[in-house]
Amino acid sequence: MRVAVAAGAGGSALLCELREDGSPRDGLVHVNDLSTAVADYELAGPVRWVWASGVGLYPSLLQAGQRVARCHDVELAERLLLGRDGQVGGFASSLPPDRAARGTAQETLFDPADAAPPDLTGTLDALIAAHADQLRRIAADDHPARFGMLVAAESAGGLVAAEMSFAGLPWRTDVHDSLLAGLLGPRPPAVPAGGRPPRLAELAARIDEAFGGRRVNPDSPAQLIRAFAADGVRVPSTRFSVLRDVDHPAAPLLIEYKELARMHAAHGWAWMDSWVSGGRFRPEYVVGGVVSGRWASRGGGALQIPKVLRRAVVADPGWALVVADAAQLEPRVLAALAGDRAFAEAAASGDLYLALAGVFGGDRAKAKIALLSAMYGGAGGEAGQLLSVLRQRFPLASRYVEAAARAGQEGHVVRSVLGRTCPPPSAAWRAITEESGDPDSERDPGAGAASRARGRFTRNFVVQASAADWALVLLAGLRRRLALISLPDGDSGARLTPQASVPPQASVPPVAGVTRMAGPHLVFFQHDEVIVHCPESLVEPVVAAIGEAGEEAGRLVFGATPVRFPLTTAVVSCYGDAK
DNA sequence: GGTCGGGGCGCG
DNA sequence: AAAGCGCGCCCCGACC
């Protein structure tokens with residue numbers, strides 16, 4: 001059953017049960033406490049909540065201790081549908097936003113006395129109409145089952161994202177601090193604006209010396225290029241790959257400085273102060289934030305955490321981290337997409353590149369370069385030669401990516417396996433690449449480059465976006481399975497319990513208002529990798545759930561294929577020990 | 001005073 | 001060894 005919900009003020013809401021086609025079954029029901037109503041429905045039987053936006057509504061439910069099993073997220077679905085139908089831009093919502101949640105600050109700023117009563121009935125009616133319309137548009141797709149699965153998976157992704165933000169990634173600030181101190185020297189008592197920690201200040205001074213006493217800001221590429229030039233060294237840029245080959249005493253110092261400065265600026269003590277609280281790193285995930293369907297994040301750079309900082313991700317006492325990684329996901333996705341039999345059979349093995357090494361004179365590294373070049377559009381170095389080998393031995397796989405590239409170059413859109421569509425070319429791109437009707441006017445000199453760049457984009461899109469489809473279905477299936485794993489006390493499900501009911505924890509002092517999950521739950525997702533935080537006693541069923549979810553995702557997304565999508569799982573107490 | 005593009009680099 | 005794809009965030013410096 002589907003139930004449409006529009007949240008009102010103070011935890012109240014308006015609900016309406018829907019028929020399968022999305023039309024309202026009976027009248028609207030007003031409830032004073034949405035979380036109680038949700039709990040009743042969830043216990044009564046399978047229900048899919050239909051809401052305007054999970055980002056707006058779900059966090060307040062989680063805060064109230066209530067999770068849901070399934071939803072249809074109208075905002076996320078609309079973006080998929082608009083993309084499919086070639087609309088540019090995001091969801092120009094005709095729906096009034098839900099009153100609840102969208103930041104508590106907003107609500108407290110509101111004075112109920114002088115605010116007009118929200119037209120909740122109108123909001124719910126509009127939501128119901130929008131949802132029914134989406135069901136019709138999904139049914140009208142060339143592949144309605146697949147596109148429907150994409151909408152369901154995207155919606156489930158919205159639930160996972162909110163739950164992961166709520167639960168947070170276990171983060172030991174003491175470990176983080178000692179890592180930083182080891183690299184940068186002890187934390188300065190109060191960092192003045194522009195001030196540097198000891199190790200960085202020392203390096204900056206030595207860089208000045210290396211330039212003969214000239215004062216140079218090592219954070220300024222322009223100043224550095226001028227300083228090198230003054231010493232007779234011409235460098236095109238100051239990136240690592242250039243500095244590595246520069247013969248000047250400042251070069252090695254700069255390489256060291258840049259590495260440490262980045263750690264300090266992007267993931268240093270200020271980052272810790274802003275993003276870690278109560279022993280948890282709580283980023284905001286943006287579902288579908290990348291055109292390919294990958295997630296993006298807002299704040300804290302959650303998807304770019306440096307590998308060295310994984311030491312700070314430590315399970316709570318008595319708990320474990322189960323880290324699972326889809327091995328060589330993208331080439332496997334290409335194998336399944338293209339239906340290239342020889343290629344797919346190679347992808348049935350554990351190490352895809354090794355299985356293909358024989359084709360490239362027994363060299364695994366060459367097999368890897370060939371495949372990455374095929375998926376990314378690279379042609380430099382020996383890639384060209386390896387690609388022609390690939391083309392001979394696996395013509396279907398080669399043709400698949402080349403057809404995608406051609407479509408992009410010609411200005412068409414391409415779709416992932418479940419039907420996520422890439423953006424159409426911009427007006428600027430069309431203007432550059434368009435053949436002019438006037439025979440006297442020259443074609444834009446950048447036309448070829450722009451066309452090829454878009455070809456590389458669409459070539460990569462079909463693979464990256466289909467991999468994202470698979471990962472999203474995996475995530476949804478894993479979330480569902482984790483909720484069914486029984487807790488030792490007989491409870492089931494990833495429940496939310498107040499901090500007070502959890503035994504005191506040495507590493508994570510109780511914090512007022514902080515809640516902890518009681519069962520296995522997802523705490524991290526990064527494109528092809530997930531982390532589950534679970535009680536040590538439940539490691540076994542969690543590992544099994546991950547395997548089953550991976551199996552199921554391959555079957556649901558790609559149907560019958562010999563291609564396997566193996567997940568390597570590591571059970572660790574510290575993320576730094578995985579892999 | 002703020003905004004914005006580029007350089008650079010972290011992740012997949 | 002490097003490059004081909006997708007992002008977010010930092011700093012700088014030009015600009016309004």
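A note on names: the letters A, B, ... follow the listed sequences, proteins ahead of strands, and every chain is numbered from 1.
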For this session: Classify the nucleic acid contact of A:G289 as base, sugar-phosphate or nothing, counting any heavy atom under 4.0 Å across all strands shown.
Result: nothing
Problem set entry | Heavy atoms from other residues, nucleotides or ligands near NZ of A:K368 exceed 12 (cutoff 6.0 Å) | no
Exercise. For DNA chain C, whose closest nucleotide is more 5', that of A:R456 or that of A:E382?
Worked result: A:E382
Exercise. Rounded to the nearest Å, what distance is computed from the NZ atom of residue A:K366 to the P atom of nucleotide C:dA3?
Worked result: 19 Å
Exercise. What form does the base of B:dG8 take, syn (within 90° of 0) or anti?
Worked result: anti
Exercise. How about A:H533 and A:F524: are their ring centres within less than 6.0 Å of each other?
Worked result: no
Exercise. Quick one: A:Q464 CD to B:dG12 C1', roughly how many Å, whole number?
Worked result: 8 Å
For this session: Under 4.0 Å between any heavy atoms, over every strand shown, what does A:I305 touch: base, sugar-phosphate, or nothing? Just pick one.
Result: sugar-phosphate
For this session: Give the rounded distance in Å between these two atoms: CG of A:L254 and P of B:dG8.
Result: 12 Å
Exercise. Paired with C:dC10 by Watson-Crick or G-U wobble geometry, both distances under 3.5 Å: which nucleotide is it?
Worked result: B:dG7
For this session: Among C:dC12, C:dC10, B:dG10, find the nucleotide with the atom closest to the side chain of A:R262.
Result: B:dG10
Problem set entry | Spacing between A:H527 atom NE2 and C:dG6 atom C1', to the nearest angstrom | 8 Å
Exercise. Which residue, A:A222 or A:S292, contacts DNA chain C at a nucleotide closer to its 5' end, judged by nearest heavy atom?
Worked result: A:S292
Problem set entry | Any A:S220 side-chain nitrogen or oxygen under 4.0 Å from OP1 or OP2 of C:dC11 | no
Exercise. What's the verdict on side chain to side chain contact (heavy atoms under 4.5 Å, CB included) for A:R399 and A:R391, showing C-alpha distance, side-chain angles and the deciding distance?
Worked result: CA-CA 8 Å; A:R399 264 182 240 156; A:R391 204 171 293 124; over 6 Å; no
Exercise. If you look at every strand shown and take non-hydrogen atoms under 4.0 Å, does A:Q223 touch a base, only sugar-phosphate, or nothing?
Worked result: sugar-phosphate
Exercise. Below 3.5 Å, does any donor atom in the side chain of A:R294 face an acceptor in the base of B:dG12, or the other way round?
Worked result: yes
Seminar exercise, completed: Winner on side-chain proximity to A:D219, out of C:dG8, C:dC12, C:dC10, is C:dC12
For this session: For A:R215 and A:D208, indicate whether the former's side chain and the latter's backbone hold a donor-acceptor pair under 3.5 Å.
Result: no
Exercise. Within the structure shown, what part of the strands sits under 4.0 Å from A:R298 by heavy-atom distance: base, sugar-phosphate, or nothing?
Worked result: sugar-phosphate
Exercise. In whole Å, what is the span from the NE2 atom of A:H264 to the P atom of B:dG10?
Worked result: 16 Å
Problem set entry | For atom CD of A:Q526 and atom C1' of B:dG12, their distance in whole Å | 6 Å
Exercise. OP1 or OP2 of C:dC12 less than 4.0 angstrom from a side-chain nitrogen or oxygen of A:N217, does that happen here?
Worked result: yes
Exercise. Which one, B:dG12, B:dG10, C:dG13, comes nearest to the side chain of A:Q304?
Worked result: B:dG10
For this session: Would you tell me if any nitrogen or oxygen in the side chain of A:K307 comes within less than 4.0 Å of OP1 or OP2 on B:dG12?
Result: yes
Exercise. In terms of side-chain heavy atoms of A:F457, which of C:dC5, C:dA3, B:dC11 is nearest?
Worked result: C:dC5
Exercise. Is the backbone N or O of A:L418 less than 3.5 Å from a side-chain atom of A:D469, with the two atoms forming a donor-acceptor pair by type?
Worked result: yes
Exercise. Is A:V463 touching bases, backbone alone, or none of the nucleic acid, heavy atoms closer than 4.0 Å?
Worked result: nothing
Exercise. Using a cut-off of 4.0 Å on non-hydrogen atoms, how would the nucleic acid contact of A:F461 be classed: base, sugar-phosphate, or nothing?
Worked result: nothing
For this session: Answer with base, sugar-phosphate or nothing: what part of the nucleic acid does A:S241 contact at a heavy-atom distance below 4.0 Å?
Result: nothing
For this session: Report the distance from atom CD of A:Q385 to atom P of C:dA1, rounded to the nearest whole Å.
Result: 19 Å
For this session: State plainly whether the residues A:R199 and A:E202 are in salt-bridge range, i.e. N to O under 4.0 Å.
Result: yes
For this session: Ignoring backbone atoms, establish whether A:S373 has a side-chain N or O less than 4.0 Å from OP1 or OP2 of C:dA3.
Result: no
For this session: Could you please name the option among C:dC5, C:dC10, B:dC9 that lies closest to any side-chain atom of A:Y376?
Result: C:dC5
For this session: Identify which nucleotide among B:dC11, C:dG6, C:dG4 has an atom closest to any side-chain atom of A:R310, counting heavy atoms from C-beta outward.
Result: B:dC11
Seminar exercise, completed: Closest non-hydrogen atoms of A:Y58 and A:A162, given as atom of the first, atom of the second and distance, are CD2-CB, 3.5 Å
Seminar exercise, completed: Out of C:dC5, B:dG8, C:dG8, minimum distance to the side chain of A:N460 belongs to C:dC5
Problem set entry | Separation of B:dG12 P from A:D469 CG (nearest whole Å) | 21 Å
